[in-house]
Every structure is written in structure tokens, then in C-alpha cells.
Amino acid sequence: MAIVTQPLRDEHRELMPELEVLEEAATGAESANAPQLLARALDFLQGHLIPHAQAEEAALYPVVDRLMGAPKATATMRRDHVEVGRLTEELAALRGRWKGTPADWTDARRLLYGLRALLVVHFAKEEEVYLPLLDEQLSAEEGRAMFAAMEEAATAAKAAARADLA
Ligand SMILES: [Fe+2]
Ligand SMILES: [Fe+2]
């Protein structure tokens with residue numbers, strides 16, 4: 001039998017290796033190409049990860065709230081997303097004023113390792129707690145409708161992110 005949440009599992013599989021970009025940027029922060037490493041990390045965060053989080057908040061978390069029978073069941077996960085957004089903004093500001101000083105390197109490593117650790121745990125919580133619940137309780141039809149709504153929200157969020165960066 002097909003797994004209802006397979007599309008989200010696939011998307012996470014695609015995002016996961018990108019977390020290594022954060023680790024690479026952190027370990028390479030002292031190299032001459034630090035600005036490029038930071039640009040790549042920010043591109044992943046602002047262009048892919050944050051739109052993914054916004055799509056979850058629009059289309060996936062409300063379904064989890066309903067299935068758990070508690071309107072605020074996903075509040076702690078939304079709070080993780082807020083923190084990812086905050087750290088990403090700090091990283092973008094650091095990139096804007098980057099001079100390659102030891103203080104810049106320390107800041108970059110703090111932010112990149114912090115983001116990576118937060119995201120690894122956040123992905124694990126979604127996969128280990130939410131997805132089994134959805135697989136158990138959603139019909140294939142409900143799953144398709146949920147992912148169509150998520151796709152639409154992600155496309156809108158990506159367009160908005162591009163407009164912001166332009
Ligand atoms: Fe999430
Ligand atoms: Fe996710």
C-alpha cells in the first residue's frame with residue numbers, strides 16, 4: 001500500500017543533504033571563499049527551507065492539529081520555524097557586513113551549527129511523530145488534497161522569497 005505522506009518524506013530526503021551545506025559553511029567559514037559559502041547556505045535557507053516551513057504551516061500543521069484534537073498541538077513546531085527564521089535573518093545580516101574578522105567567523109559558526117542542530121531535530125520530530133500519525137489516519141484522497149495545498153503554498157512562498165531577494 002502506498003504511504004500517504006511519501007511526497008513529504010521525499011521532500012525531506014531532498015532537503016536533508018542540504019543541511020550538510022550548513023556544516024560545510026561552518027567549517028569553511030575561515031576560508032577565503034566564506035562569502036560564497038554563506039551565500040549558498042542562505043540560498044538554501046531562504047529559497048528552499050523557509051518556503052517549505054511556510055507551506056507546512058499553511059497546509060500540513062492544521063491537519064495535524066485536527067488529528068491530534070488540540071488546536072495548538074503544533075505550536076512548538078511553529079516556534080522552531082520562528083527560530084529558524086530568526087537565525088537566518090542574523091546570518092543574512094552577518095553576510096551583509098562580512099569583513100572576515102575572527103569575530104565574524106565566530107558568529108558564522110555559531111549561527112550555522114545552531115541552525116543545523118535545530119533543523120536535524122525538527123526534521124526528526126516531523127518524521128517520527130507527525131508522519132506516522134498522518135499515515136495512520138488520512139485517506140489517500142485527504143493526503144492528496146493536503147499535498148496539493150502544500151505545493152501551492154510552497155510555490156507562493158518561493159515567489160515571495162525571490163521578490164524579497166530581488
Ligand atoms: Fe517544519
Ligand atoms: Fe519539514
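Both ligands and their constituent atoms are indexed starting at 1 by order of listing.
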Exercise for the section: Give a yes or no on whether Asp80 keeps an N, O or S atom under 2.8 Å from the Fe ion (ligand 1). Expected result: no
Exercise for the section: Determine whether the side chains of Glu11 and His52 contain a donor N or O and an acceptor N or O closer than 3.5 Å. Expected result: yes
Fill in the blank from the handout: Rounded to 10°, the NE2/His52 to the Fe ion (ligand 2) to OE2/Glu56 angle comes out at 80°
Practice task
Tell me, please, if Glu126 has any N/O/S atom, main chain or side chain, under 2.8 Å from the Fe ion (ligand 1)?
Solution key: yes
Handout entry: N, O or S atom of His81 closer to the Fe ion (ligand 1) than 2.8 Å
Key = yes
Completion exercise
Of Glu126, Glu57, Glu56, Glu83, the one forming a salt bridge (charged side-chain N to carboxylate O under 4.0 Å, His left out) with Arg78 is Glu57
Handout entry: N/O donor-acceptor pair under 3.5 Å between Asp135 side chain and Val4 backbone
Key = yes
Exercise for the section: Mark yes or no for whether Thr74, through its side chain, and Met77, through its backbone, hold a donor-acceptor pair below 3.5 Å. Expected result: no
